[in-house]
Protein chains: 2
Amino acid sequence: MKMNITIKDVAKKAGVSISTVSRVINDSKPVTDEVKQKVLDVIKETGYIPNPLARSLVTKKSQLIGVIVPEVSDSFVNEILNGIEEIAKMYDYDILLANTYSDKEQELKSINLLRAKQVEGIVMISWILDEDHINYIQNCGMPATYISKTARDFDIYTVSTSNKEATYDMTNYLIGKGHEKIAFVMTSQDDTVLEMERLSGYEKALSENNINLDNSLIKHGGTTYEGGYKSMKELLEDGIIPHAAFVTGDEAAIGAINAICDAGYKVPEDISVTGFNDVKIAKMYRPKLTTVYQPLYDMGAVAIRMVIKLINKEPIDGKKIELPYRIIERESVIERKK
Amino acid sequence: MKMNITIKDVAKKAGVSISTVSRVINDSKPVTDEVKQKVLDVIKETGYIPNPLARSLVTKKSQLIGVIVPEVSDSFVNEILNGIEEIAKMYDYDILLANTYSDKEQELKSINLLRAKQVEGIVMISWILDEDHINYIQNCGMPATYISKTARDFDIYTVSTSNKEATYDMTNYLIGKGHEKIAFVMTSQDDTVLEMERLSGYEKALSENNINLDNSLIKHGGTTYEGGYKSMKELLEDGIIPHAAFVTGDEAAIGAINAICDAGYKVPEDISVTGFNDVKIAKMYRPKLTTVYQPLYDMGAVAIRMVIKLINKEPIDGKKIELPYRIIERESVIERKK
DNA sequence: CTGAAAGCGCTAACAA
DNA sequence: TTGTTAGCGCTTTCAG
């Protein structure tokens, strides 16, 4: 368990040159079996580990990928992170993590910071994406993927699920269950693209079923627990009692359910509620949450795989990857009695 | 936004030697204001960023700290991670994350892997700690802190909260509420130290109140949601209906509550339940969970700060840091009617 | 197949 | 105060 054994030490001890040692550890060039074995023995004996810093310096490959996230403790984020981490390790990459707390400044700064740290690529998760982000990502001079619920219209690599369709489907599902007055609690105001995609899915389903759009049913509360709670509370306090609430985030949905319960109503008996993402807690909460399943782990896996491919200049089929979603029926929605 | 500008380029452009440039970027040695300004200008103009790899190679400081965790998506873990990340950044360190999925092999391997990656120190979170871990940590040749719910008796740096006392207090609290038949659902069998500490706290409280220890009330189900659910289900199916259940983990506690509800009992009316950790979900679930608060963020912050101090050979007061805990009374425990 | 030597970008003596 | 130079540990020509 010593340190500081260098390639030199190994070379000397094995009676060969350092280039030969280098060749065997990378098997980059042919080496006689005999010599090879000898070197291998010495390596094992001394416990030599090549210094990746020195290696990176010459190869210009740091084996590092930067991951920018709003917050590790967000369940949407950390389930994705699991996928990122595992695949990265599989390809011998390490992850440099940057928490931004959804601060745009921080997000932009992180890109530079990570680049300075010599990462070879970047995976970014962010709730909100505007032109500054796009510019930064496009000009950062290295492979970058953006994991999002949206961003289909920007010319950057993204992995996502189809929001418009998912929102449309879920709204339809709710309508199919007899609900007409459907509250829609979504991300905060500033996220224009996601906003539009989701809203259009919601509106489309409504109009196809000849239900008038009622703007007072739409809330921009954000996707946090608190946001969901507050939005629903406001709705109820304004005397608006929807048949169902479609909350575009599981934690927010649970916040909404709690707000409903605190106001003396019952879920799903009085008001049905659905979430989005199918995060761990969706199964743990009671009533179990009916929600839109997204393959979070896979989204992370695909995104990191994409940057690795980009780094290695492997062919990629398309800049946009959309992963499938599906509605998971659990207990928070029931048929409305008319 | 170009790359590949090196210290040489800056030196040439500023008409000085590279050492002078090095001096101004590190302000390690005095440089004439005039020259300094000139260099600074060129740096700004070219957008030069020093290559940390090259720097690390010579200074032997990678500015990297390895963090070994069972799983990022565990809420106990990621709330700690927030603290680690933030403080690390504050001291200009980056985090190399290693997920182990609680596999001992992986944990041990990760220590070596991270060392190979030239991290200057390690923070490790692990549910279970045995002598192999201790040996590895002690012999890894670099500063390491262990964040745990236990490990007071090992000669390594740890940050934790006092388990025995917390368990004792919570048990007493439950007894004070009139509960006598108190189920105790804890970590899985193999975690001897934590096991002992917690059990002894539980037993102490019981015996001081003249309540006989009933081993059939003790379950080693682990701290996952599933573990808690299963343990409680088994208990109930064995015809054991406790007055209260003390589950040493919030997610597991919620699992237990669900098992109780699924069996047709009510929480807290029929059975009171408490958790441990006060993780985010404890406030989100209904009934809100009565639990033992632990300063998770602070635990991470303290641990990483400790490692950084160790790296810089700053003085440290004691190898063991115990952070305060406290019982948070919410809704999952009520007074037992006799 | 193997070794010598150059150099990755930087810091840190050592001179000047 | 500044420049020159020798490495840090490694990979990679280039000869042999």
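Chain identifiers are assigned alphabetically (A, B, ...) following the order of the sequence lines, protein sequences preceding nucleic acid strands; residue numbering begins at 1 within each chain.
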Problem set entry | Pairing residues for A/Tyr93 by the ring pair (Phe, Tyr, Trp, His ring centres under 6.0 Å) criterion, not counting sequence neighbours | none
Exercise. Looking only at heavy atoms, which two atoms of B/Ala116 and A/Pro52 are closest? And how far apart?
Worked result: O-CD, 3.0 Å
For this session: Taking all non-hydrogen atoms of both residues into account, name the closest pair between A/Ser56 and B/Leu53 and its distance.
Result: CB-CD2, 3.3 Å
Problem set entry | Considering all heavy atoms, the nearest A/Thr100-A/Gln106 contact | O-CB, 3.7 Å
For this session: Output yes when B/Lys89 and B/Glu85 qualify as a salt bridge under the 4.0 Å nitrogen-oxygen rule, no when they do not.
Result: yes
For this session: Only counting residues at least two apart or in another chain, list the ones meeting salt bridge (charged side-chain N to carboxylate O under 4.0 Å, His left out) with B/Glu107.
Result: none
For this session: Compute the angle between the rotation axes at the two ends of the helix from C/dC1-D/dG16 to C/dA16-D/dT1, each taken over five pairs, rounded to 10 degrees.
Result: 40°
Exercise. Has the side chain of A/Asp94 got a donor or acceptor atom that lies under 3.5 Å from a matching backbone atom of A/Leu64?
Worked result: no
Dump every N/O contact between nucleotides 7-11 of chain D and the protein below 3.5 Å, one line per pair.
unit_1, atom_1, unit_2, atom_2, d
D/dC8, O3', B/Lys60, NZ, 3.1
D/dG9, OP1, B/Lys60, NZ, 3.2
D/dG9, N2, A/Ala54, O, 3.3
D/dC10, OP1, A/Tyr48, OH, 2.6
D/dC10, OP1, A/Asn51, N, 2.8
D/dC10, OP2, A/Ile7, N, 2.4
D/dC10, OP2, A/Tyr48, OH, 3.4
D/dT11, OP1, A/Asn26, OD1, 3.3
D/dT11, OP1, A/Asn26, ND2, 3.0
D/dT11, OP1, A/Arg55, NE, 2.7
D/dT11, OP1, A/Arg55, NH2, 3.0
D/dT11, OP2, A/Ser22, OG, 3.0

For this session: Could you tell me which non-hydrogen atom of A/Gly121 sits nearest to which non-hydrogen atom of A/Ile311, and how far apart they are?
Result: N-CD1, 4.2 Å
Problem set entry | Closest-nucleotide 5' rank along DNA chain C - winner of A/Thr20 and B/Lys29 | A/Thr20
Exercise. Is B/Lys60 salt-bridged to B/Glu120, going by a charged N under 4.0 Å from an acidic O?
Worked result: no
Problem set entry | Covered region of DNA chain C, 5' end to 3' end, by chain B [heavy atoms, under 4.0 Å] | C/dC8 to C/dA13
Atom pairs and distances, donor-acceptor, side-chain atoms in residues 296-309 of chain B, under 3.5 Å, two or more places apart:
unit_1, atom_1, unit_2, atom_2, d
B/Tyr297, OH, B/Glu86, OE1, 3.1
B/Arg305, NE, B/Tyr91, OH, 2.8
B/Arg305, NH2, B/Tyr91, OH, 3.4

